[in-house]
Number of protein chains: 2
Amino acid sequence: MVLEYVFAVSLFSLAVAAYVVMWILKQDTGTAQMQEISSAIRSGAEAYLRRQYKTISVIAIAFTILLAVAIRDPQNQWLGLYTAGGFLLGALCSNLAGYIAMFISVRSNIRTARGATSRLDRSLKVAFRGGIVFGLAVVSLSLLGISVLFLLFGGDPRLIVGFAFGASFAALFAQLGGGIYTKAADMSADLVGKVEAGIPEDDPRNPAVIADLVGDNVGDIAGRGADLFESITGENIGAMILGLAPAVYAVFGINGLIFPLLARGFGLIGTLVGTVFVYSRKDEDPFRSLTRGLVVTGVICALGFYLLTEVLLNGELNYFYAALVGIVGAIVVAWITDYYTSYRRRPTLDIAKASESGPAPGIATGLAVGMESTGVFILVIGAAILLAFGLGSGFQAFAGHLSVTDPLFQRGVYGTAIATMGMLSVTPMVLAMDGFGPIVDNAGGILEMSGMSEEARATSDRLDSVGNTTKALTKGYGVASAALSAFLLFSAFLEVAGLSGVDLEKPGVFTGALIGAMLIFMFSSLAIRAVGKTSAVMILEIRRQFKEIPGIMEGKSKPDYSRCIDISTKAALKNMVMPSLLVVVGPVAVGLVLGAEAVGGLLMVGTVVGILMALFMNNGGAALDNAKKYIEAGHLGGKASQAHAATVIGDTLGDPLKDTAGPSLHVVVKLLNTITLAMAPLFAFALIG
Amino acid sequence: MVLEYVFAVSLFSLAVAAYVVMWILKQDTGTAQMQEISSAIRSGAEAYLRRQYKTISVIAIAFTILLAVAIRDPQNQWLGLYTAGGFLLGALCSNLAGYIAMFISVRSNIRTARGATSRLDRSLKVAFRGGIVFGLAVVSLSLLGISVLFLLFGGDPRLIVGFAFGASFAALFAQLGGGIYTKAADMSADLVGKVEAGIPEDDPRNPAVIADLVGDNVGDIAGRGADLFESITGENIGAMILGLAPAVYAVFGINGLIFPLLARGFGLIGTLVGTVFVYSRKDEDPFRSLTRGLVVTGVICALGFYLLTEVLLNGELNYFYAALVGIVGAIVVAWITDYYTSYRRRPTLDIAKASESGPAPGIATGLAVGMESTGVFILVIGAAILLAFGLGSGFQAFAGHLSVTDPLFQRGVYGTAIATMGMLSVTPMVLAMDGFGPIVDNAGGILEMSGMSEEARATSDRLDSVGNTTKALTKGYGVASAALSAFLLFSAFLEVAGLSGVDLEKPGVFTGALIGAMLIFMFSSLAIRAVGKTSAVMILEIRRQFKEIPGIMEGKSKPDYSRCIDISTKAALKNMVMPSLLVVVGPVAVGLVLGAEAVGGLLMVGTVVGILMALFMNNGGAALDNAKKYIEAGHLGGKASQAHAATVIGDTLGDPLKDTAGPSLHVVVKLLNTITLAMAPLFAFALIG
């Protein structure tokens, strides 16, 4: 069977990842002082993840039992067990993906730092290879999990939606918990260290500085890994379900179901090849080097889609073009994100300028820039969906009048599914670039704290600024892929729930829609508050240490880093539970009371609002951050100016928006889809639906 | 015909309003200094409105021609002219309503100030009567306009949608322009006066202080008047159209169409009676006094609905209960708003406490509170819609499975229309309470600037704090009524466009939905930026005057108030055009390209997102404002503390959110509905729909 090919590629990718891990471990780890700091980060991150996974496990097991008991389907008495089993495996794999990502990042950071003390390209290589392990592991695990379940469950993708739900479920906790941890540590370190005590960032005298560096690993690495694990998992399973639509299945048969798995396999191959092209020629801009790798990956993926379309989809090249729409969409979205967040562009410069009148005008402009960034982005996503749909349905009937039961409609939706696969095919490479950021960020922290040479720090700063760019771009990519996936998963939900449409005119459906939007706002609120609550505890602890430990400010005695880590850990875990349960319980409650169509309304509108709010918060926060960097680069009066003080406030405000609430919303958007997909059989028994 | 009754009530209300105007004009106007300040405010406000109306007229006339030419209907060749004529009249009436409101407010403020120098109840009486004129004029004008057109156009409410569109169109410019003016003046006065120069609020040495007081009149009074004029106009016409639904018309005939007009008439009567109950007993809390008036109005409206149901709707008391749902909903919504914005409650106290760690945590908490406030609010609105629908359809089929063409469905929707009428029936009284706020605010400013006694200022401060409460409550009321009206207008759109449903699963409709949500974010962004741009110009001017006018800081020479007024006026008018055109052109463009169903998606999702964003910004901004007031009342260190400085920044940020973008979104939500209602015939010729 053709699935063997998928297994082979996945296992090969994992083998490559293992080989790269060994290569990284063989690199030099620098001075004893660097090692001491790095091992503190490592043990902090490991301790946090251990406890986080314990918390997630308890809740996940409770849900597994609930799923096994509650889900009933007259046509398939084992559906509850299939779903529950898939769920548990999905949550496990997601945690495993996050753990592997963290495992390698806390070991790459010190070696990247050491590399920076000798040569730029050495440092770049270690950091990027750390990212590659991350990308390959996450994608191979997802592909393996789906393929195994697909075989085990008799080739029916509807039975493995539990796996996608489990992946989303674990990802939400991981991304939110990690996001709270990292930003609470960051905010408190800044507020007490930089603002109150007047010491620089990453200063070893700051008791929260190690917690801050731990945060990069558990939030940006482990959290993002889980996020993208569930993205590709949900998309893969959703696309396979759409392959079951009568009009699609009639033409392509089983090929339409296997296509998504093989396409993902090509993504892995493309990444393996693209990796070879990431090297820094003499004094080459590291960003160019990364971009070259991405372009190569994209080209190979495109070739793969061409091949697959020829072999599996009867050579209907329209589907190949749909995949191209997705790949090009990914590039355009990255470009838009860059425009709205880079300080070489008008929006961020506007924030810097407005900050000259004070923090309030600066922040107001920052929020406005975040809102504005939704404009072109949405037009591009809308155009991509329409174009892919048009290609799939052969443009014979475009958008409006076509009935959803029309065969052309189903083929059109399959077109949008293929566009989504196109966009997500480059995921492993994008993940590698994304992981690169926190690794070099950590490396910079280690160099700063161990008092290394100015030269090494300059090298690492150069990589760090590249890391900031890739982080912002991959967030844009994350939202775009969430938007496309959601449209696809929504269609899959209708397929599974047996609905012929979602009609917003019905009061129950409209109420569902209102609640969907409201859940996004409530979740964002709780996420932001969670950072506030966690950092409030941290702040007290940092102030206490500054006051009670004699000689701390003179650097004569060491602060108690581990207490800050401990406090961050406990508070983050405590505060991640409520918001997560809200978005898990909300859709199920609506479904049980108002029925499946109301859930459809909740899903669609929740998705739309989630995407917009994520864009608003990600881009607004990033632009506020970069406005500060612009002034720190010496413009508008530089570091000593009033404007700088104003942008510091703006940056601190932006942190929980862009690194906690925003990225968690990517997960929420997809969780809403996977949870309703898994729970759909329940909604037939709605109270007043 | 029964319409005579409507005419009689409207004219009688106008006569009462005229009588009250005369009573107000007879009151004493205080010292010469007070008169000088008051006349500066008056001429500034009048000059602004004159220019604003000129700008609106130019754009409105262009649109009138466009409507007359573009709108074609094979069944009615005069539809374009009907729509265009209605549009022009609607825009005119809206401007007139705003003008009357401003006319009386700039004359009541000084008399309220004078009243405060003698007795509290005297001051309360003038301010409240000023508000009453405002409420009565706005509601009677709307009722008269609709009734006249209803008679002229042969009793078909579908022909008068142009009137509603005209009202929304003019309201958007008025609310946005006024909102930009008032907040730009406020922000600049605060940023340069309070923060940079260290002089208190409303200090006569501040060159922007008169512009700030003018702003209260053109933003909070004229803007809000236009906003609620279009609210009740749109709702009235929409409800009449729903009376045409076959299942409703079959049972009630013309009675179902006239019901909304008579219900509005009872609202006027209720207000006239309620007014009598607004008096301050010896040392009674003024808020109690206002609440008593509102309760009396509500009771009389409820009686009116009972009577009307008996006479016009065959005594089907379920519809009477639906009206009660609306009236009770209005009260619950006011309570929720109070909870989230009052500084006696947890949310605002949290902001004050977080501000002790700095401005960023305070603002983050403020944004989170704004987002959180959507939760209960949405549940209440959803429950009201479901309950009213259930009552209308006799609970025989509730929400989900009922088809939209089912007679029970149409009766259910008519039930939600009556709930909306119930909620909006107390509008004239609510408007009176709303107008009360800016009038006493202005009075306080006049007393401060003319250096009157501490005692008079204390009296006026007491009224001012009541005014702040009523302002926040009426904003919550505005959003709730916008939400209910939108659901009703949406049903009317489907009726007019001949659609049987809006199915979000279709890619064109989903794209429309994405664009609808995006328009709200773009509009908010542009509105916030407009305040920023306008205040940037003002700030330069204030700084220039402080520097160049000798003796200004010692109070020896007077600042040049009129230049600030002039700058504010020009900039506000310039910056209001772009955002307004965006939400006017956006839906039409989507309709012309993607067709009517995509517009339906845009409408529904734009409405949902608009409501949530308005709540977020209104309540978040108000809570930030009140957190500052809490600290100023002497808590957490009082005025000299770091926490106070932090909340001042939060308050300044909240201003454009709560007084420009938020209230303008109420109008946008309804404009989206009325514009698509008027343009519906065009969307049949969509490009690729």
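In what follows, chains carry the letters A, B, and so on, assigned in the order in which the sequence lines appear, proteins first and then strands, with residues in each chain numbered from 1.
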List the steps, then state whether side chain to side chain contact (heavy atoms under 4.5 Å, CB included) holds for B:T511 with A:I381. CA-CA 8 Å; B:T511 304; A:I381 292 293; over 6 Å; no

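- For a residue to count as touching a neighbouring chain, one of its non-hydrogen atoms must lie under 4.5 Å from one of that chain's; by this rule A:L191 touches chain B with the side chain only.
- Options B:L657, B:I528, B:V369, B:V531 differ in how many heavy-atom pairs under 4.5 Å they form with chain A, and the most are formed by B:I528.
- Note that CG of A:L653 and CD1 of B:I649 are 11.5 Å apart. Values are rounded to the nearest 0.5 Å.
- For B:L612, the parts lying near chain A are the backbone and the side chain together; criterion is any non-hydrogen pair under 4.5 Å.
- Under the salt bridge (charged side-chain N to carboxylate O under 4.0 Å, His left out) criterion, A:K658 pairs with A:D625, A:D655, not counting sequence neighbours.
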Taking distance alone, no hydrogens or angles, what donor-acceptor pairs closer than 3.5 Å link side-chain atoms of residues 353-368 of chain B to residues at least two apart or in another chain?
| unit_1 | atom_1 | unit_2 | atom_2 | d |
| --- | --- | --- | --- | --- |
| B:S355 | OG | B:I351 | O | 2.8 |
| B:T365 | OG1 | B:P361 | O | 2.7 |

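- Taking 4.5 Å as the limit, every side-chain heavy atom of A:M371 sits out of range of all side-chain heavy atoms of B:L526.
- Listed in order of number, the residues of residues 599-607 of chain B that approach chain A to under 4.5 Å between heavy atoms are B:M604, B:V605.
- Remark: A:T534 pairs with A:I180, A:A184, A:A571, A:N575 by the side chain to side chain contact (heavy atoms under 4.5 Å, CB included) rule, at least two apart or across chains.
- With values rounded to the nearest 0.5 angstrom, A:E505 atom CD is found 9.0 Å from B:E495 atom CD.
- Side-chain contact check for B:F521 versus A:M613: some heavy-atom pair is nearer than 4.5 Å.
- Heavy-atom distances place the side chain of B:I539, and not its backbone, under 4.5 Å from chain A.
- For a residue to count as touching a neighbouring chain, one of its non-hydrogen atoms must lie under 4.5 Å from one of that chain's; by this rule A:T416 does not touch chain B.
- For the pair A:F409/B:K506, a side-chain contact is recorded, criterion being any heavy-atom separation below 4.5 Å from C-beta on.
- Looking at heavy atoms from C-beta onward, A:V608 lies in side-chain contact with B:F510 at the 4.5 angstrom threshold.
- Proximity to chain A (any heavy atom under 4.5 Å) is shown, for B:S188, by neither the backbone nor the side chain.
- Only the side chain of B:M187 comes within less than 4.5 Å of a heavy atom in chain A; its backbone stays farther off.
- Using a 4.5 Å heavy-atom cutoff, the side chains of B:F377 and A:M518 are not in contact.
- In the displayed structure, B:E196 atom CD is contacted under 6.0 Å by more than 12 heavy atoms of other residues, nucleotides or ligands.
- The shortest non-hydrogen separation linking A:E372 to B:S525 is CB-OG, 3.3 Å.
- Among the candidates A:T374, A:L615, A:V192, A:V413, the residue making the largest number of heavy-atom pairs closer than 4.5 Å to chain B is A:T374.
- Side-chain atoms of B:D503 come within 3.5 Å of backbone atoms of A:V502 as a donor-acceptor pair (strictly under, hydrogens ignored).
- Each of A:I385, A:L504, A:T652 has some count of heavy-atom pairs under 4.5 Å with chain B, and the biggest count is that of A:L504.
- The greatest number of non-hydrogen atom pairs below 4.5 Å with chain B, out of A:F487, A:F523, A:F490, is found for A:F487.
- Per-residue heavy-atom pair counts under 4.5 Å with chain A were compared for B:I611, B:D350, B:V648, B:V609, and the maximum is reached by B:D350.
- Of the inter-residue distances, the one linking A:L519 atom CG with B:I378 atom CD1 reads 10.5 Å to the nearest 0.5 angstrom.
- In this structure, chain A has a heavy atom under 4.5 Å from the side chain of B:L494, while its backbone stays farther away.
- Note that the CG atom of A:L386 and the CG atom of B:L594 stand 6.0 Å from one another [nearest 0.5 Å].
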